[in-house]
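Data first, discussion second: the structure below is written as structure tokens.
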Amino acid sequence: MKKMISASLVAFSLLMSTASFAAMPKSADTVAAPMNVDKGSFVKVVTSANAFEIESSKLAEEKARDGDVKDFAKQMIADHTKAAEGLKKAAKLGDEPPVLAPKHQAMLDTLKGASGEDFQALYIEMQASAHMDAVTLFATYAKGGDDAAVKQFAAETLPKLEMHVMKLVAAH
């Protein structure tokens with residue numbers, strides 16, 4: 001992102017400590033998987049997370065005030081739509097619509113009720129939190145997943161998720 005999301009990240013930077021970024025996994029190669037995640041659990045969480053990323057970013061395209069936040073949202077829609085298709089292919093999923101987990105639905109409902117700078121701050125905060133969770137999940141599955149095709153999908157998608165986190169971090 002060439003322009004900074006500075007105003008929106010003030011709240012985010014106060015919530016996140018430098019230590020949490022230092023502890024963040026660098027890549028699937030440097031993360032020791034402390035536990036294994038089965039394919040069904042991975043698919044369920046990733047399907048909901050992708051749907052949240054897409055729907056929350058659609059809201060940001062409409063409600064965000066800053067152009068760089070809208071640009072970021074547009075990129076999230078494109079990248080997470082591609083990731084959803086990749087997961088669908090790797091996991092051999094049908095065409096049923098994604099179901100948001102209660103956590104993601106509550107986050108989306110909160111965003112729907114926010115406006116202006118409050119919306120932008122919440123959107124950026126939620127994006128950062130969701131992406132850090134995703135990096136951990138994808139790194140874990142890439143290391144110890146129980147399905148070769150889905151494991152490859154996780155490993156191939158992980159760098160894009162890390163890039164999203166780095167954009168959020170670099171902007172503050």
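Values below: every heavy atom of this structure, side chains too, minus hydrogens, waters and symmetry copies.
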Can you tell whether the side chains of [X] and [Y] come within less than 4.0 Å, N to carboxylate O?
| X | Y | result |
| --- | --- | --- |
| Lys58 | Glu61 | no |
| Asp146 | Lys151 | no |
| Lys44 | Asp38 | no |

Mind checking whether His131 and His80 have parallel, tilted or perpendicular rings, split at 30° and 60°?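 Perpendicular.
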Can you name the closest pair of heavy atoms from [X] and [Y] and give their distance?
| X | Y | answer |
| --- | --- | --- |
| Ala130 | Glu53 | CB-OE2, 3.2 Å |
| Ala91 | Val43 | CB-CG2, 3.8 Å |
| His164 | Asp79 | NE2-OD2, 2.7 Å |
| Ser57 | Tyr123 | OG-OH, 2.7 Å |
| Gly144 | Asn36 | O-OD1, 3.3 Å |
| Val69 | Ala64 | CG1-CB, 3.6 Å |

For Lys39, give me all partners under salt bridge (Lys or Arg N to Asp or Glu O under 4.0 Å), at least two apart in sequence or on another chain.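 Lys39: salt bridge (Lys or Arg N to Asp or Glu O under 4.0 Å) contacts with Asp147.
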Dump the intermediate steps for side chain to side chain contact (heavy atoms under 4.5 Å, CB included) on Val99 and Thr47, then the final yes or no. CA-CA 7 Å; Val99 176; Thr47 300; over 6 Å; no
What about Met163 and Ile54, same hydrophobic cluster or not, with Ile/Leu/Val/Met/Phe/Trp/Tyr joined at side-chain heavy-atom distances under 4.5 Å?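 The answer is no; the residues belong to distinct hydrophobic clusters.
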Same cluster for Leu100 and Ile77 if Ile/Leu/Val/Met/Phe/Trp/Tyr side chains link at under 4.5 Å?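 Unlinked, Leu100 and Ile77 end up in two clusters.
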With Lys103 as reference, evaluate Val45, Asp133, Leu108 under the side-chain contact (heavy atoms from CB on, under 4.5 Å) test and give the passing residue. Asp133
Does anything in residues 83-109 form a ring-ring contact (aromatic ring centres under 6.0 Å, His included)? List the pairs, not counting sequence neighbours. Phe52-His104
Could you tell me the separation between the [atom1] atom of [X] and the [atom2] atom of [Y], rounded to the nearest 0.5 Å?
| X | Y | atom1 | atom2 | value |
| --- | --- | --- | --- | --- |
| Asn50 | Lys82 | CG | NZ | 13.0 Å |
| Asp71 | Met76 | CG | CE | 11.0 Å |
| Gln152 | Thr157 | CD | OG1 | 9.5 Å |
| Lys143 | Leu158 | NZ | CG | 10.5 Å |

[X] versus [Y]: any side-chain heavy-atom pair under 4.5 Å?
| X | Y | value |
| --- | --- | --- |
| Lys89 | Phe153 | no |
| Ser56 | Met107 | no |
| Phe72 | Leu168 | yes |

Ignoring hydrogens and angles, tell me if any N or O in the side chain of Gln120 forms a donor-acceptor pair with the backbone of Arg65 under 3.5 Å. yes
Has the side chain of Ser41 got a donor or acceptor atom that lies under 3.5 Å from a matching backbone atom of Val37? no
Taking the six-membered ring for Trp, are Phe42 and Phe138 closer than 6.0 Å centroid to centroid?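 Distance test on ring centres: under 6.0 Å, yes.
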Is there a donor-acceptor contact under 3.5 Å linking the side chains of Asp109 and Gln105? yes
